[in-house]
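All remarks here apply to the structure that follows.
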Number of protein chains: 2
Amino acid sequence: MDFFQEQAVTSSDKAFFRLRKEIVEGVIPSGTKLSETELSTKYQVSRAVVREAINRLEACNIVERKANIGARVVSLSPEGLIELYQVRESLEGMAARLAAQHMTATEITELNALLNSQSDEVKNAELYYQEAGDLDFHYRIILGSKNSHLISMLVNGLYHLVRMYRVQLGMAGPRVTSAFDEHRHIVQAISNRDPELAEMLMRRHITYSKNNIEAKLQNSL
Amino acid sequence: MDFFQEQAVTSSDKAFFRLRKEIVEGVIPSGTKLSETELSTKYQVSRAVVREAINRLEACNIVERKANIGARVVSLSPEGLIELYQVRESLEGMAARLAAQHMTATEITELNALLNSQSDEVKNAELYYQEAGDLDFHYRIILGSKNSHLISMLVNGLYHLVRMYRVQLGMAGPRVTSAFDEHRHIVQAISNRDPELAEMLMRRHITYSKNNIEAKLQNSL
DNA sequence: ACCTCTAATATTGTCTACAACTTTTCATCA
DNA sequence: TGATGAAAAGTTGTAGACAATATTAGAGGT
């Protein structure tokens, strides 16, 4: 599931990853107050490492912190989702544009191979893998941009929030196949070294995706 | 100079602001290793608050940190500058688009007033204020987007890096007046509630700006 | 002189204690 | 009964000590 190996070296890393995982997957519900002392006993580490983990979560926009009061998990809302996807549209559009310029031929070949392997899964409607496959696709294009700021913002920041929305709304829907076709077209544009088109297609793709998840959100929230 | 009042409530805030200021303005040169103990004695605070300040600087991409080794100030490079401006183009383009949709009439009026007041300064070539004025202009449009992610990424993150490049390369140049005209056109588009045009003009504006600073960088680095 | 291994030093990571602030509790008074 | 305010309890912020890791210095061997 995690394509990019984040390896925890310090104890604080471990706490950060664990906490993030539990929040994204809804084990710790959105809106929850994060008590440093409580978490430190739960995780069997000192308050200092929990504190550092929470600070890093704040930098990811996964928790909100107020001085002398504490941190709480962000709450999910239609407005928040829209804002998130507006930024995604902007950044991933640029990523696609840059990918069309900077991806190597072999990277593009591998991207095509990925789509081919996913093609079967789409027919068989293996939704779980499709969801992971979607992440994998976007992830490769982001990396293909070769822009470290872009990569960091999307991979370390926004994508965990995106996943949080998806997981907690129980994604996987009728958009699977159409999204797959959109992926195809984007790769085609990258293949043709057409930055403008790649950006435009990616932006549309994300807009559609936003509309889809937004519709679900209306029902479940 | 700081239009958005960031008020330091904790000791860690103060250390963070001070450290950021010294780095951006080049008092602490880029590439410098940041020793926690050294800074804690220099600032007369505990290592814990320095450590937290450094963590926050890392989240801003102003310092790079490695586990068990330490943090050092990022080094400026042509590649880094290009990457930074690519992200700026993307995010501020979107900000202009959203501003065209979401800015209130009074906000737009005030923005026009700002430009009018700057018009005189441009004629008198008061470069210092022009530089600050440029920041003010961009800042208002970013706020006008009403997108909290966008605002946070740009204001808390990228802009300090942008300033770092500008300060350390000694900006203020022949682009002042032409940049001013571009600002006019952008506001016009926002005024007309034309998101597409606003975005396009902002993106071009930033691209020009990038080319300008890039030229300077070739000489001085 | 150069490389290697080891010990000493220095730096970062973690833990615990204390200080400052916030929230809650509860007694007092209108 | 409800409001007010002070004390108590709980939480976060800061400090300093200890542990673990990285860097440096130096002795020994080739």
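The structure displayed is predicted, hence computed values, not measured ones. Just the heavy atoms: all of them, side chains too, but no hydrogens, waters or symmetry mates, feed the values below. Within every chain, numbering begins at 1; the chains are lettered A, B, ... in the order of the sequence lines, protein sequences first and strands thereafter.
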(request) For DNA chain C, note the earliest and the latest nucleotide, 5' to 3', having some atom under 4.0 Å of a heavy atom belonging to chain B. (result) dT11(C) to dT14(C)

Which protein N or O atoms sit under 3.5 Å from an N or O of nucleotides 22-25 of chain D?
none

(message) Tell me which residues in residues 46-57 of chain A lie within less than 4.0 Å of DNA chain C, going by non-hydrogen atoms.
(response) Ser46(A), Ala48(A), Val49(A)

(request) Examine the side chains of Ser30(A) and Ser75(A) and answer whether a donor and an acceptor come within less than 3.5 Å of each other. (result) no

(message) Using a strict heavy-atom distance below 4.0 Å, which residues from residues 10-18 of chain A are in contact with DNA chain C?
(response) Thr10(A), Ser11(A), Ser12(A)

(request) Check the distance between dT11(D)'s P and Arg65(A)'s CZ and give it to me in whole angstrom. (result) 15 Å

(request) With sequence neighbours excluded, give me every salt bridge (charged side-chain N to carboxylate O under 4.0 Å, His left out) pair touching residues 89-103 of chain B. (result) Arg88(B)-Glu92(B), Glu89(B)-Arg203(B), Arg97(B)-Glu196(B), Arg97(B)-Glu199(B)

(request) Identify whether the distance between the nearest side-chain nitrogen and carboxylate oxygen of Lys66(B) and Glu58(B) falls below 4.0 Å. (result) no

(request) Quick one: list whatever passes ring pair (Phe, Tyr, Trp, His ring centres under 6.0 Å) with His138(B), sequence neighbours left out. (result) His183(B), His205(B)

(request) Look only at the side chain of Glu38(A) and the backbone of Ser35(A), and say whether a donor-acceptor pair between them is shorter than 3.5 Å. (result) no

(request) Name all pairs fulfilling the salt bridge (charged side-chain N to carboxylate O under 4.0 Å, His left out) condition that reach into residues 68-87 of chain B, sequence neighbours left out, sorted by first residue then second. (result) none

(message) Heavy atoms within less than 4.0 Å of DNA chain D: which residues of residues 28-36 of chain B have one? Give them sorted by number.
(response) none

(message) Suppose we screen for side-chain contact (heavy atoms from CB on, under 4.5 Å). Which residues come up paired with Asp13(B), at least two apart in sequence or across chains?
(response) Ala8(B), Val9(B), Thr10(B), Phe17(B), Arg56(B)

(request) Could you note down all residue pairs passing salt bridge (charged side-chain N to carboxylate O under 4.0 Å, His left out) where residues 28-37 of chain A supplies at least one of them, sequence neighbours left out? (result) Glu36(A)-Arg47(A), Glu36(A)-Arg51(A), Glu36(A)-Arg65(A)

(message) As a test of understanding, state which of Leu135(A), Leu143(A), Ile141(A) forms a side-chain contact (heavy atoms from CB on, under 4.5 Å) with Tyr139(A).
(response) Leu143(A)

(request) Can you sort out the partners of Arg204(B) under salt bridge (charged side-chain N to carboxylate O under 4.0 Å, His left out), two or more places apart, ordered by chain and number? (result) none

(request) Using modelled atom types only, decide if a donor and an acceptor are shared between the side chain of Tyr165(B) and the backbone of Leu81(B) within a distance under 3.5 Å. (result) yes

(request) Report the distance from atom SG of Cys60(B) to atom CE of Met153(B), rounding to the nearest 0.5 Å. (result) 12.5 Å

(message) Can you tell whether the side chains of Arg20(A) and Glu25(A) come within less than 4.0 Å, N to carboxylate O?
(response) no

(request) Using a strict cut-off of less than 4.0 Å between a Lys/Arg side-chain nitrogen and an Asp/Glu carboxylate oxygen, indicate whether Glu22(B) and Arg18(B) qualify as a salt bridge. (result) yes

(request) Identify, with sequence neighbours excluded, every residue that meets salt bridge (charged side-chain N to carboxylate O under 4.0 Å, His left out) alongside Arg193(B). (result) none

